[in-house]
Amino acid sequence: MIPNITLVIQGLAFFAVALLVMKFMWPPIIAAIEERQAKIAEGLAAADRARQELADADARVADEIRKARVDAAAIVDKANQQANQIIDKARTDAIVEGTKQKAIAAAEIESMAHRAREELRTKVATLAIAGAEKILKREIDANAHKDLIDQLVSEL
Amino acid sequence: MASEHESPNMTGYIKHHLHHLQVQAPGTEGQFWLINIDSIFFMLLAVLVFFWLFMRVSRRATAGVPGKLQCAIEMILSFVDGMVRETFHGRSKLIAPLSLTIFVLVFLMNFMDMLPVDLLPWMWASGHALAGHDPEHAYLRVVPTADINTTVGMALTVFLLIQYIGIKHKGVFGFFKEWFTAPFGPWFAPFNLLLRVIEEAVRPLSLSLRLFGNMYAGELIFILIAVMTLGASLEHVSTYLLGAGQVIAGFVWTAFHILIITLQAFIFMTLTIVYLSMAAEHH
């Protein structure tokens with residue numbers, strides 16, 4: 001129980017051990033720990049960054065989709081408009097063309113009727129003259145009675 | 001059980017157990033120059049285990065995925081490092097490794113108490129007998145921290161480090177000035193000095209005596225538990241009762257002692273850190 005010289009030896013041994021620990025044991029382990037801490041911190045930061053980037057990309061994508069939707073709607077509207085325009089134009093054109101064709105046909109009918117009437121009139125006049133010739137049994141001087149015949153023709 | 005005729009035997013057993021393996025330092029005389037070989041040997045054994053465990057990790061320390069041993073060692077290390085960072089605000093490369101050394105070394109030395117109290121002394125005595133010596137003189141104490149020399153030696157080292165840290169952080173003048181001016185100002189210089197001396201003297205004393213007392217008492221109780229069946233005859237009923245009692249008592253005290261040895265190692269370390277940080281701070 002009485003302290004002896006052993007205490008000096010033990011004290012010195014203890015101090016030597018502490019020095020050795022400080023010199024050789026402590027630094028590599030603490031360096032490894034700190035390096036790993038840095039790595040983990042870096043990894044966490046990277047994960048945060050990635051999450052942020054993903055959110056940004058999502059927002060961008062949503063934006064693009066919305067824009068595309070708006071564009072598509074505009075294009076469809078325009079196409080509808082154009083189609084209506086084309087249909088309208090076609091209708092007008094058809095009406096115009098129909099009217100034109102109808103007018104042409106009417107004019108043709110008119111001219112044909114006129115011609116037929118004229119022809120008929122001439123034929124009736126000739127017939128009348130022939131009838132008259134037969135009645136008179138003689139040659140009528142066509143020139144002498146031209147006035148009369150013309151009057152007859154015009155009366156028909 | 002401790003009947004009259006067994007008393008001397010028991011006393012002899014306890015005395016034998018509390019006797020150090022000592023040699024006289026060459027060319028000297030007197031009690032002071034005795035060297036406790038056993039304490040030194042088992043302390044070196046603890047140092048060896050400490051180095052073997054920790055250097056294995058230290059040499060192959062990786063910042064990548066650590067192995068299980070490295071994990072365990074790193075846990076101890078960061079625990080000590082955290083304690084030091086929390087308490088000690090000065091700059092010193094020694095404090096944290098010193099604290100780690102105290103914690104692990106004191107724990108390992110205390111841990112020798114976990115071995116059966118008679119195992120190593122019995123082996124030592126048997127070896128002595130085989131070598132043809134008298135086993136009665138084969139003394140061996142296996143717990144270095146139950147030797148006051150170890151605890152006082154460590155506490156004195158800490159004491160010297162406290163002074164060193166104080167001078168390093170405050171300069172020689174500032175350090176000695178503080179002796180006379182803190183805490184009551186220059187007008188109470190003698191009183192301050194007296195207070196300072198007491199304070200400084202109490203630290204290593206309390207550090208060493210606390211650890212020594214705990215370990216010595218623990219060892220003594222293990223010895224007393226072992227005494228329960230000392231020299232017991234198999235023909236006595238009481239032997240079996242006491243044998244059962246010894247097993248139970250031994251188990252309970254060993255389990256309880258696990259707490260004590262860890263706690264004492266922790267307290268020694270914590271107080272060292274606190275003392276050193278106090279020495280580094282200006283008052």
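Quick caveat: nothing in here was measured; it's all calculated off a predicted structure. In what follows, chains carry the letters A, B, and so on, assigned in the order in which the sequence lines appear, proteins first and then strands, with residues in each chain numbered from 1.
Between A/Phe15 and B/Leu94, the shortest heavy-atom distance links the atoms CE1-CD2, 4.4 Å. A pairwise comparison of heavy atoms in A/Arg36 and B/Thr62 identifies NH2-O, 2.9 Å as the closest pair. The shortest heavy-atom contact between A/Ala32 and B/Gln70 is CB-NE2, 4.3 Å. Closest of all the heavy-atom pairs between B/Thr157 and A/Gly11 is OG1-O, 3.2 Å. For A/Phe24 against B/Ser58, the heavy-atom pair with the smallest separation is O-OG, 3.3 Å.
Between chain A and the residues B/Leu105, B/Thr151, B/Leu160, B/Ile102, the largest count of heavy-atom pairs under 4.5 Å involves B/Ile102. The candidate from B/Leu34, B/Leu98, B/Val47 with the greatest count of non-hydrogen atom pairs under 4.5 Å with chain A is B/Leu34. For the set A/Met25, A/Lys23, A/Glu35, the entry with the most heavy-atom pairs within less than 4.5 Å of chain B is A/Met25. Note: B/Pro66 leads B/Pro66, B/Ser208, B/Ala25 in heavy-atom pairs under 4.5 Å with chain A. With chain A as partner, the option from B/Leu44, B/Leu156, B/Leu100 having the largest number of non-hydrogen pairs under 4.5 angstrom is B/Leu100. Interface remark: of the candidates B/Gly64, B/Ala96, B/Ser78, B/Ala96 forms the most heavy-atom pairs closer than 4.5 Å to chain A.
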So A/Ile29 and B/Glu74, side chain to side chain contact (heavy atoms under 4.5 Å, CB included) or not? Walk me through it.
-> CA-CA 7 Å; A/Ile29 303 180; B/Glu74 279 183 5; 4.0 Å; yes

Hey, mind stepping through A/Trp26 and B/Lys93 against side chain to side chain contact (heavy atoms under 4.5 Å, CB included) and telling me if it holds?
-> CA-CA 10 Å; A/Trp26 184 271; B/Lys93 274 200 277 187; over 6 Å; no

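Residues of residues 84-103 of chain A placed with any heavy atom under 4.5 Å of a heavy atom in chain B are absent; none qualify. For residues 41-59 of chain A, an interface with chain B (any heavy-atom pair closer than 4.5 Å) does not exist.
Looking at A/Ile9, the atoms closer than 4.5 Å to chain B (heavy atoms on both sides) all sit in the side chain, from C-beta outward. Both the backbone and the side chain of B/Met154 come within less than 4.5 Å of a heavy atom of chain A. Only the side chain of B/Ile73 has a heavy atom closer than 4.5 Å to any heavy atom of chain A. With a 4.5 angstrom heavy-atom cutoff, B/Leu161 touches chain A only via side-chain atoms. With a 4.5 angstrom heavy-atom cutoff, A/Val17 touches chain B via backbone and side-chain atoms both. Using a 4.5 Å cut-off between heavy atoms, A/Glu34 touches chain B through its side chain atoms alone. Of the atoms belonging to B/Ala155, not a single heavy atom falls under 4.5 Å from chain A.
Enclosure of atom CE in B/Met75 is not indicated, since only 12 or fewer non-hydrogen atoms of other residues, nucleotides or ligands lie within 6.0 angstrom. Open room surrounds CD on B/Glu29; 12 or fewer heavy atoms of other groups in view lie less than 6.0 Å from it. Atom CZ of A/Arg121 is surrounded by more than 12 heavy atoms from other residues, nucleotides or ligands within 6.0 Å. For CZ of B/Phe79, the number of neighbouring non-hydrogen atoms (other residues, nucleotides, ligands) closer than 6.0 Å is greater than 12.
Rounded to the nearest 0.5 Å, atoms OG1 (B/Thr28) and CD1 (A/Ile5) are 9.0 Å apart. Here CD1 of B/Ile148 is found 12.5 Å from CD of A/Gln10. Values are rounded to the nearest 0.5 Å.
At least one side-chain heavy atom of A/Val21 sits less than 4.5 Å from a side-chain heavy atom of B/Phe51. Side-chain contact between B/Gln31 and A/Asn4: absent, with no pair of heavy atoms (C-beta onward) separated by less than 4.5 Å.
A side chain to side chain contact (heavy atoms under 4.5 Å, CB included) with A/Thr6 holds for exactly one of B/Thr150, B/Val152, B/Asn149; it is B/Asn149.
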